[in-house]
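Protein chains get the first letters and strands the later ones, always in sequence-line order, with residue 1 at the start of each.
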There are 2 protein chains.
Amino acid sequence: MSASLPLAPSGPRIDRLPKSTFRQHIAERLRAAILAGELGPGAPLVETTLAAQFAVSRGPLREAMRELIEEGLLVTVPYTGTHVISLSVNDIHEIYSMRIVLERFAFEQAWDRRDAQFRRELQRRMAVLTAAIDAGDDRASIQAELDLHGLVYEASGHRLLQRSWFGLRGRLQLYWAAHHRAHATRGPRRDAHDSYVQAALGQSLSAMLDEITNHMGRGAERTEAFVRFANPFDFPTTTTGALT
Amino acid sequence: MSASLPLAPSGPRIDRLPKSTFRQHIAERLRAAILAGELGPGAPLVETTLAAQFAVSRGPLREAMRELIEEGLLVTVPYTGTHVISLSVNDIHEIYSMRIVLERFAFEQAWDRRDAQFRRELQRRMAVLTAAIDAGDDRASIQAELDLHGLVYEASGHRLLQRSWFGLRGRLQLYWAAHHRAHATRGPRRDAHDSYVQAALGQSLSAMLDEITNHMGRGAERTEAFVRFANPFDFPTTTTGALT
DNA sequence: TTGCAATATATTGTCAACAATCGATCATCA
DNA sequence: TGATGATCGATTGTTGACAATATATTGCAA
């Protein structure tokens, strides 16, 4: 993709160079496709079709799908099929309650590690989010909002916690994407995150923890109301893309 | 458990029967083998060998391994190999701090749902644990202790929380198994869990939350001390089974 | 002896074909 | 007409062979 860099492997901070395999690329692209809404909730995924689409064999594709299944984005029934998870109001409850717990813990861990760079980065991400909202770019807004919240997990230095955040993040992105796709609601979200950032830069940890609980509560209400509207029966087991 | 009911498909609660595939069986057996210590921390797993051992092709075996990789029990480097995770004192910190957060949340969720069956089951599992400890059966003790703690996650009715517990549970079991294998320490663990059960049956949620924090703190100290002893350099990247 | 380059081997990544299973369709019969 | 059983197409599960890559070994030269 890029031009020819002379030879730059002399970097002092070589973490790992990503030794590319098909499985990884496919998993990323599949995940992106799902989260972008190209494959909405309940949509079926057939291996042969996707394999042809990605121009690879079914082997690597299956393993990529298995990765997304473990992530909770896909569900599969042996010998029958695989499809994107459906929307359930109960899942929303669980996701947001979990977010509250994890993000409060993340702030407790990261609170004393907030340095100048953290504050700079937080404000930078907030600026990105604000710009995306003002521009009316839904996809970018979701990404920016997730990145904003992701910072504290990174700052916590807690790998297990970060891992859990990634697990939640995927589902959350899926719900938000469906939400925005249904009716693009740019609401009072700027203000909501203003208070979040302000507390995160402040001196009171307990105030921050309260802010999280409130912030999440508002988000949960919004998302839950949408899902209840989109799926009034709360019975997502057979909600395919087809509508009768 | 029950005798032969004549023909009971008219039952209102048919959940699902588990459509067996090789992948699932292999994943279970592999996980069991790792957690039982047959494949200790750092031990390499080669696909061809295991495939022959399980008498299946590499395909299903790879997918089973991928499952354990996602679980965090195995790590893999493309084109190079896969091995069981190694022991790190930092991981212990993360696991136990996460346990505190999750189990406190689990009790908050389950507190008002504790019914007669919950109390019975809690005491039953405590009895199983006590029996295993008294019998000196390390393997059974670990299983019983995990089952005891698992009850509150089941009672919480929070699937996402339960999922997170499973992710922790695997790593924890791995560490404990290594711990017990190194030097079978049957210590004051009976009493420790006595107070745990007592609080769980009591009326004060805040007392229970405190008990968790203390309980986990003691467990973390014990496990951490062991790992520091077993792996004094805290540099597990290349800790294979071989010792120079 | 030490350092380096070429080679060899072991291991994983990928592929295409075959087998097993499921769900729906359709014919058959009471 | 209604229900029951067989058939068909579609999809996933499984297999064995082949290719790509990384690590270990060996030989050589300074």
A.B. asks: Rounding to a whole Å, what distance do you find between B:Arg66:CZ and C:dT14:C1'?
C.D. replies: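 Checked: the CZ to C1' distance equals 13 Å.
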
A.B. asks: For B:Leu45, which contact category applies under a 4.0 Å heavy-atom criterion: base, sugar-phosphate, or nothing?
C.D. replies: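 If one applies the 4.0 Å heavy-atom cut-off, B:Leu45 turns out to touch the sugar-phosphate alone, with no base involved.
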
A.B. asks: Does D:dG13 have its OP1 or OP2 closer than 4.0 Å to a side-chain nitrogen or oxygen of A:Arg62?
C.D. replies: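 It does, given that an N or O in the side chain of A:Arg62 lies less than 4.0 Å from OP1 or OP2 of D:dG13.
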
A.B. asks: With rounding to the nearest 0.5 angstrom, report the OH to NE2 distance, A:Tyr153 to A:His158.
C.D. replies: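 Interatomic distance, A:Tyr153 OH to A:His158 NE2, rounded to 0.5 Å: 12.0 Å.
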
A.B. asks: Charged N to carboxylate O under 4.0 angstrom, B:Arg66 versus A:Glu67?
C.D. replies: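 Looking at A:Glu67 together with B:Arg66, the answer is no, because their closest N to O distance does not fall below 4.0 Å.
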
A.B. asks: Atom CD of A:Glu67 to atom P of C:dG13: distance rounded to whole Å?
C.D. replies: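 Checked: the CD to P distance equals 12 Å.
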
A.B. asks: To the nearest Å, give me how far apart CD1 (A:Ile69) and C1' (D:dT12) are.
C.D. replies: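 Whole-Å distance recorded here is 11 Å.
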
A.B. asks: Can you give me the N/O atom pairs linking the protein to nucleotides 15-20 of chain D at distances under 3.5 Å, or say none if there are none?
C.D. replies:
from   : atom 1 : to      : atom 2 : distance (Å)
D:dT15 : OP2    : B:Ser57 : N      : 2.9

A.B. asks: Over how many whole Å does the gap from B:Glu47 atom CD to D:dT21 atom P extend?
C.D. replies: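 After rounding, the reported distance stands at 17 Å.
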
A.B. asks: Treating B:Thr80 as the side-chain partner and B:Pro78 as the backbone partner, does any N or O pair qualify as donor plus acceptor under 3.5 Å?
C.D. replies: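 A pair under 3.5 Å: yes.
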
A.B. asks: Could you state the atom-to-atom distance from CG of A:Leu61 to P of D:dG13 in whole Å?
C.D. replies: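 Going from CG in A:Leu61 over to P in D:dG13 covers 12 Å.
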
A.B. asks: What are the two closest non-hydrogen atoms of A:Pro60 and A:Ile26, and how far apart are they?
C.D. replies: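 Closest heavy-atom pair between A:Pro60 and A:Ile26: CB-CD1, 4.3 Å.
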
A.B. asks: Within a 6.0 Å radius of atom CZ on B:Arg139, are there more than 12 heavy atoms belonging to other residues, nucleotides or ligands?
C.D. replies: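 No - once you tally the heavy atoms of other residues, nucleotides and ligands closer than 6.0 Å, there are 12 at most.
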
A.B. asks: Just how far, in rounded Å, is C1' of D:dT11 from NE2 of A:His83?
C.D. replies: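 Going from NE2 in A:His83 over to C1' in D:dT11 covers 14 Å.
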
A.B. asks: What's B:Thr48 touching, base or sugar-phosphate or nothing? Going by heavy atoms closer than 4.0 Å.
C.D. replies: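 It contacts base atoms.
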
A.B. asks: In degrees, rounded to 10°, what is the bend between the two ends of the helix from C:dT1-D:dA30 to C:dA30-D:dT1, using five pairs at each?
C.D. replies: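 Here the helix ends are tilted 10° relative to one another.
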
A.B. asks: Within the structure shown, what part of the strands sits under 4.0 Å from A:Arg23 by heavy-atom distance: base, sugar-phosphate, or nothing?
C.D. replies: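 Sugar-phosphate: the residue A:Arg23, judged by heavy atoms under 4.0 Å, touches backbone atoms but no base.
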
A.B. asks: Between A:Arg58 and A:Glu47, is there a donor-acceptor pair closer than 3.5 Å when you use the side chain of the first and the backbone of the second?
C.D. replies: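 Not at all, since once roles are kept as given, no pair shorter than 3.5 Å links the two residues.
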
A.B. asks: So that I can tick it off, tell me whether B:Glu71 and B:Arg31 are bridged by a salt bridge, with the cut-off set at under 4.0 angstrom between side-chain N and carboxylate O.
C.D. replies: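 Looking at B:Arg31 and B:Glu71, the cut-off is met.
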
A.B. asks: Rounded to the Å, how far apart are B:Glu63 CD and C:dT12 C1'?
C.D. replies: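 Distance check: B:Glu63 CD to C:dT12 C1' gives 15 Å.
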
A.B. asks: Say whether, by atom type as modelled, one donor and one acceptor occur between the side chain of A:Arg113 and the main chain of A:Ser156 under 3.5 angstrom.
C.D. replies: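 The answer is yes, because a donor-acceptor pair under 3.5 Å joins these two groups.
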
A.B. asks: So which heavy atom on A:Glu94 is nearest to which on B:Leu160, and how close?
C.D. replies: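 A:Glu94 and B:Leu160 have their closest heavy atoms at OE1-N, 3.0 Å.
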
A.B. asks: Starting from P on D:dT12, measure out to CD on B:Gln24 and report it in whole angstrom.
C.D. replies: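 B:Gln24 atom CD is separated from D:dT12 atom P by 15 Å.
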
